[in-house]
There are 2 protein chains.
Amino acid sequence: MILNQATDYAFRAVLYLSLLQPGEIVEAKVIAENQHIPLRFLLKILRSLAKAGIVKSYQGVGGGYALGKIPADITLKDVLEAVEGSIRINKCLIDPDYCNKQATEHCPVHHVLASIQQTISQEFDKYNFEQLKEYMKQNLK
Amino acid sequence: MILNQATDYAFRAVLYLSLLQPGEIVEAKVIAENQHIPLRFLLKILRSLAKAGIVKSYQGVGGGYALGKIPADITLKDVLEAVEGSIRINKCLIDPDYCNKQATEHCPVHHVLASIQQTISQEFDKYNFEQLKEYMKQNLK
DNA sequence: CAAAAACTATACCAAAATAGTATTGTTTAA
DNA sequence: TTAAACAATACTATTTTGGTATAGTTTTTG
């Protein structure tokens, strides 16, 4: 019931990229140093983000990473799911075999957890990185 | 970002007790068999629930467990927190040392996660075991 | 009053997940 | 053609999870 460290790093890396000029490319090393994230671990995370289209990677000399979309089109949910896979709060919600009574259909716990999971999912989808940028600007004043 | 197995078992154990006559005592073994939960593991979980006042334990011959409150006064959040401790979705929300920039106050990620955490907390608090009982009855018809 | 049936407490343990590292390879600009 | 960047895969140490074991306490009942 907690986000993992990789997701936390991913949020901060995407926020960092969101604060650059649109299209601006920056090396992973710069992000790592600025955000205090272990470089090799960050590279791994960035690959997940690239696969999801959240960042775009550029190989070779002068390469690095830039956002793959505008900040307004990237939600916390997008980043979370790129790193951890889709949100699920209980195993029985994915695999009926985990339902210890094999009674998914009639199980009120299952039913209610599915509803909570949906709310949580929507909640993470409510916030995009344009909003986080705005919040950041206001707090610097 | 997932409930652990103990919490899942706890939900189902409390639901089981909720369906009994008010005040009815039943041995852990009966719950374990009915709900397919490893007995010793269940006993450990029941101790957590007892500490939180959710169930009441009776030692000695003829002992066992009963609910410590009426089902309407037990929410999913109560059970969840009794088993896993309070809901927290990111380490930086508890311990500022985990904030990799030591900047809790100015961090938009922190700010937004705190808000999401509160929503999640409220969501689990929205459902009590009287409601789950009702849902169950309706589904048996 | 002792024996058995129940829970309590603490400690232990194996397996899985997490967080990160290492190695080797590929791409691309200069 | 070399060096600077990312890519892919595999490995590893630590922590967490899920569960078990052992020894002890409480309470009923014959």
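Hydrogens, waters and symmetry mates play no part in the numbers below; they use all other heavy atoms, side chains included. Below, chain A is the first sequence line, B the second, and so on; all start at residue 1.
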Give a yes/no on whether any side-chain N or O of B/Y58 is located under 4.0 angstrom from OP1 or OP2 of C/dT8. no
Kindly assign one of parallel, tilted or perpendicular to the pair A/Y135 and B/H111, based on the angle between their ring planes and the thresholds 30° and 60°. parallel
So if I take every side-chain heavy atom of B/E27 and compare against C/dC7, C/dG20, C/dA11, which nucleotide ends up nearest? C/dC7
Between C1' of D/dG18 and CG of B/L43, the distance in whole Å: 15 Å
Residue pair A/P108 / B/L15: nearest heavy atoms and the distance that separates them: CG-CD2, 3.5 Å
For the side chain of A/P38, counting heavy atoms from C-beta on, which of C/dT21, D/dC6, C/dA29 is nearest? C/dT21
Is any side-chain heavy atom of A/F129 closer than 4.5 Å to a side-chain heavy atom of A/V79? yes
B/N4, nearest nucleotide to its side chain (from D/dT17, D/dC6, D/dG19): D/dT17
From CZ of A/R40 over to P of D/dT12, roughly how many Å is that when rounded to an integer? 16 Å
Between the side chains of A/T75 and A/D125, does any donor sit under 3.5 Å from an acceptor? yes
Rounded to whole Å, CG of B/L42 lies from C1' of C/dA6 at a distance of 14 Å
If you check every side-chain atom of B/Q5, which of D/dG18, D/dT22, D/dA4 has the closest atom? D/dG18
Separation of C/dT21 C1' from A/I37 CD1 (nearest whole Å): 16 Å
Given the structure, check if the side chain of A/Q59 and the base of C/dT26 hold any donor-acceptor pair shorter than 3.5 Å. yes
Decide if atom NZ of A/K29 counts as having more than 12 heavy atoms of other residues, nucleotides or ligands within a radius under 6.0 Å. no
Using heavy atoms and a sub-4.0 Å distance, could you list which residues of residues 45-57 of chain B are near DNA chain C? By number, please. B/R47, B/S57
Name the closest nucleotide to the B/K44 side chain, picking from C/dA19, C/dA11, C/dC7. C/dA11
When you measure from the side chain of B/F41, which nucleotide among C/dG20, C/dA22, D/dG18 comes out closest? D/dG18
Which sits closer to the 5' end of DNA chain C, B/V61 or B/V26, going by the nucleotide each is nearest to? B/V61
Just how far, in rounded Å, is P of C/dA19 from OH of A/Y9? 8 Å
For C/dA6, does either OP1 or OP2 sit under 4.0 Å from a side-chain N or O belonging to B/Y65? no
Taking atom NZ of A/K69 as the centre, report whether more than 12 heavy atoms of other residues, nucleotides or ligands fall under 6.0 Å from it. yes
Distance in angstrom units between A/I25 CD1 and C/dT27 C1', rounded: 14 Å
Quick check on A/Q118: does its CD atom have over 12 non-hydrogen neighbours (other residues, nucleotides or ligands) under 6.0 Å away? no
Please give, in whole Å, the distance from D/dA5 P to A/K29 NZ? 8 Å
Side chains of A/S86 and A/E81: is there a donor and an acceptor less than 3.5 Å apart? no
Figure out the CG/P separation between A/L3 and C/dA19, and round it to whole Å. 10 Å
